[in-house]
Amino acid sequence: MKINFIDLKRQYVKYKAEIDLGIAEVLDSTQFIMGAKVDELERVLCNYVGVRYGIGVSSGTDAILLALMAYGIKGGDEVILPPFTFIATAEVISLLGARPVFVDIDEKTYNINPSMIEEKITNHTKGIIPVSLYGQVADMDTINSIAEKHGLFVIEDACQSFGAMYKGKKSCGLPDIGVTSFFPSKPLGCYGDGGMVFTDDEDIAKRIKSLRVHGQEKRYQHKYIGINGRLDTIQAAVLLAKFHYLGEEIKLRETKGTYFTERLKDVVTTPFIEKHNTTVYAQYSIRTGKRDALSKYLNDNGVPTAIHYPVPLHQQEAFSYLGYKEGDFPVSEIVSKEILSLPMSPFILQDEQDYVIEKVRGFFAKG
Ligand SMILES: *Cc1c(COP(=O)(O)O)cnc(C)c1O
């Protein structure tokens with residue numbers, strides 16, 4: 001059996017008629033940049049999330065960058081985030097000359113541990129970026145109340161959690177700003193790069209709309225130093241077509257995730273989902289002390305796997321200038337050695353899941 005890690009082809013085949021029609025409309029209109037479909041997508045998605053503003057941007061990375069720019073982040077500032085995430089979350093802080101300040105993760109959810117945040121707050125701290133990893137929202141109520149107490153902003157990095165619920169509210173709609181990515185393999189993916197910034201704050205929304213077009217207020221009148229951070233109209237068309245199926249896909253992800261958990265929980269550590277959360281399983285990640293041997297065994301048997309993420313950010317060469325050392329974030333370090341993502345998509349078939357389960361169980365049975 002040949003299994004895909006994420007099956008984007010089955011998804012395209014299923015929605016082909018609508019996606020192709022949407023793209024054809026854009027080609028026909030020749031409105032390739034910031035066309036009507038970008039406006040429509042922003043309207044549709046901010047309604048879905050339950051906030052007033054959605055601003056389509058060029059990627060999840062640029063969404064975080066623009067959010068930080070809107071808060072005026074600059075050299076000398078500090079921003080708190082977990083070291084167990086994709087590099088983009090920290091990279092944009094450094095790009096603005098500010099300092100990423102890491103706080104270790106919770107052993108069960110793999111999201112930032114809120115009880116360790118306050119000890120890292122200094123006079124230079126401006127904000128917190130919790131990451132809602134693998135599709136489960138971080139502990140936003142606790143994080144928001146710490147931020148409020150210290151006058152900090154909160155940007156939820158929801159690049160993996162679009163569509164997930166936290167205490168009855170949607171990811172991205174947990175103030176002050178939520179950002180997501182439409183990278184093809186994310187829970188709502190386009191066919192290239194894309195992202196969105198969500199907020200209820202009118203001032204911030206205005207600033208981000210201007211920053212994404214070179215800080216422009218009116219044509220060729222520039223109020224800020226901005227970037228070219230726009231979302232392509234073709235990508236908006238793909239997203240509008242795929243959005244109709246998002247609810248259905250999230251249900252399928254939950255069903256498939258639960259199916260794995262029920263059949264693997266006695267041999268590996270399966271995802272722990274807080275009672276107040278729903279997850280969208282951007283990744284289905286298990287944990288075992290025999291990670292490397294299991295991963296090799298699975299790959300030898302036609303089961304592709306991935307590691308999200310093998311090196312925590314404080315141990316990346318790019319961040320060596322921050323002066324962190326091994327042992328500074330023990331939970332992130334151990335999880336990065338033990339975590340393994342299995343094939344997961346709304347379109348994985350039951351016999352494919354059964355094959356993955358059989359191979360994982362087979363590995364532990366042979367000892
Ligand atoms: C994917 C991802 C990003 C970056 O999104 P891009 O659209 O690829 O720029 C940032 N943070 C996290 C947690 C991600 O998973």
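Positions are given from 1, in the same order as the sequence printed here. None of these values were measured; they are calculated from a predicted model. As the structure lists them, so they are numbered: ligands from 1, and atoms in each ligand from 1.
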**OP:** Could you verify whether a donor N or O on one side chain and an acceptor N or O on the other, from Ser285 and Ser341, lie under 3.5 Å apart?
**Re:** yes
Would you mind listing each N/O atom of ligand 1 next to any protein N/O under 3.5 Å, plus the distance?
residue, atom, partner, partner atom, Å
ligand 1, 5 (O), Ser181, OG, 3.4
ligand 1, 7 (O), Gly60, N, 2.8
ligand 1, 7 (O), Ser181, OG, 2.6
ligand 1, 9 (O), Gly60, N, 3.4
ligand 1, 9 (O), Thr61, N, 2.8
ligand 1, 9 (O), Thr61, OG1, 2.5
ligand 1, 11 (N), Asp157, OD1, 3.4
ligand 1, 11 (N), Asp157, OD2, 2.8
ligand 1, 15 (O), Gln160, NE2, 2.8
ligand 1, 15 (O), Lys186, NZ, 2.7

**OP:** Taking atom types as modelled, find out whether Ser345 and Asp7 have a side-chain donor-acceptor pair closer than 3.5 angstrom.
**Re:** no
Original post:
Side chains of Phe84 and Phe102: does their closest heavy-atom pair fall under 4.5 Å?
Top reply: no
Subject >> Pairs involving residues 72-94, ordered by first then second residue, that meet side chain to side chain donor-acceptor pair (under 3.5 Å) (sequence neighbours left out) >> reply: Asp77-Lys126, Glu78-Thr122, Thr85-Thr89, Thr89-Asp157, Ser94-Tyr321
Subject >> Side-chain hydrophobic cluster, 4.5 Å single linkage: members besides Phe182 >> reply: Leu41, Val44, Leu45, Tyr48, Val49, Val51, Phe162, Leu188, Met196, Phe198, Leu231, Leu239, Leu240, Phe243, Leu246, Ile250, Val280
Original post:
How does the hydrophobic cluster around Met165 look, that is, which other residues are in it when side-chain heavy atoms under 4.5 Å mark a link?
Top reply: none
